[in-house]
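Have a look at the structure below, then the notes.
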Number of protein chains: 2
Amino acid sequence: MILTVTPNPAWDVTYHVGSVVPGGTHRVRAVAERAGGKGVNVARILHSLGHDVLVSAPAGGVHGELIRDDLTASGLGHAIIPIRGESRRTVTAVATDDGEATLFNEPGPELGTGEWAAFAAHVVDHGSRASAAVFSGSLPRNIDPHSYTALLEQVHAPSIVDASGHTLESALAARPDIVKPNADELAELTGCRDPLAGAVALIERGARAVVASLGPDGLLAVTGDTAYRAVPGERVRGNPTGAGDSVVAALAAGLALHEPWPHRLREAVALSAATVAAPVAGEFDQDSYRRQLAAVHLEEIHAPRHHG
Amino acid sequence: MILTVTPNPAWDVTYHVGSVVPGGTHRVRAVAERAGGKGVNVARILHSLGHDVLVSAPAGGVHGELIRDDLTASGLGHAIIPIRGESRRTVTAVATDDGEATLFNEPGPELGTGEWAAFAAHVVDHGSRASAAVFSGSLPRNIDPHSYTALLEQVHAPSIVDASGHTLESALAARPDIVKPNADELAELTGCRDPLAGAVALIERGARAVVASLGPDGLLAVTGDTAYRAVPGERVRGNPTGAGDSVVAALAAGLALHEPWPHRLREAVALSAATVAAPVAGEFDQDSYRRQLAAVHLEEIHAPRHHG
């Protein structure tokens, strides 16, 4: 079982509109809704790849119930820790003409001390049975990032972290097996515009491996004493929403199955490209995935110096 | 009791954001939510003016429950006709810097034939006891506007209609006591850019009186054989959201109390201006209302010719 830990899940609402005009009144043509948050999205992809998953998340209120019911309907294993607060919504307006997405992210609820403790205890408990544990997304706004370090340190499973800012920084101290920043997150945290230098800096701060997602340029991985660049064989046009979650899902699957790094990276690049190519955000096309897998260009670039 | 009829109520969600950027990711700073739809907004204003109100609306699903609970919490009399569909949401993103509002309006549910019949029966029944009946906003998307004409014809109460397009057109055939279009709605339906010519055209099509709201220029009223222009004494800056609902509320109150037209129009202009001046959309300031009332400039303009 792969555990996906989502401290701040969301009820994702997608509006299809003509185009987004500030100050305008938009007639919504179609509405789509489902449980979201990065950890939930990663679990969906792992589930469609055939993996057994467990979504662990604190949730409450009307949206908490909707999240729980949708996870059940989607066939995803889940344990929702009930909270008094109302879980957040996200609203994404997608323009029909060019596919441009405009996002509104609600801040989400605060968690009581006991609620966070119950969530953490659940994660530690199930983490001990997991082949890999995925820690994704933001923390509830009142949770000290140090509590996150403590949680990560207690989970005895190979771990992958997809977070940014203070949350990512706190996670590094727990020496996670893999962190997956994108180029902006890497630059924000390290001050390095060069992804290779940024990745090496995160290794120095505690990460055992860093996989940086570089959009259409694929992935850059620093795995301790080796570094790789993995690039899609074909340029893909489409909707990049969810491409990062696909990278995380593929890396988590490779971590759970003890696959070698070149295999993990090929899978991650192919799955991410197949997600961009799919018409629905966050889904991927199986045929496209197989075709992309055969075409990934993988290169060992050099063994970077660091003081680990 | 004043009955407000809202065939397509909404759960109104307001997001406070920095500014709206198409294609951007917006962190929502604060979320406000409440029951909405024009008829509900009119009922709120009438309630705060001290009138006894009854909100009649078909609603269902998660948002239907939220609408019902919020009406109860707000102290508004209501009768929610349950439906199988999910009531719609509206999302308004208000920019903190300049107050500009960007709206996303969901289409709302279809109604079953029996559901519409139950709603119509309720409106007819309670309309017979009402001192005025307000018909506001859009119809459910599968309801034939002719059903709306039939409903209006059966309600034995002085009636005011605030609608646009086909819905307004169908309402005219039932000879409502007052219709309240804005300048755009009037131009859309009649092809007349001149509000006076447009108002006369609506009288010819069946309305007994027309009050056109002209934004900061106040109101133009054609009441059969007399016409008035009512203009605020002070120019007001602020949020125009809800100003039209305030006009309707004041006109409904005047209709219920058999006030003469000059009195109704002064009240409507003052309440509308006090709504624009209030910091919260759709609310009004009592002091501002009294001050505006003393300052309204009312002018009888001429007796327009029409063939009624």
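Just so we're clear, the structure is a prediction, and the values are computed from it rather than from any experiment. Naming convention: chains lettered A, B, ... in sequence-line order (proteins, then strands); numbering from 1 in each chain.
Using modelled atom types and a 3.5 Å distance limit, the side chains of B/Asp12 and B/Thr90 yield a donor-acceptor pair. Between the side chains of B/Thr102 and A/His26, no donor-acceptor pair is found at a separation under 3.5 Å.
With a threshold of 4.5 angstrom between heavy atoms, B/Tyr15 approaches chain A through side-chain atoms but not through N, CA, C or O. Heavy atoms of A/Val94 lying under 4.5 Å from chain B are absent altogether.
No donor-acceptor pair closer than 3.5 Å links the side chain of A/Asn8 to the backbone N or O of A/Ser138.
Of the listed residues (A/Asn105, A/Val20, A/Val62), the one with the most heavy-atom contacts under 4.5 Å to chain B is A/Asn105.
A salt bridge does not link B/Asp69 to B/Arg34: none of the charged side-chain nitrogens sits closer than 4.0 Å to a carboxylate oxygen.
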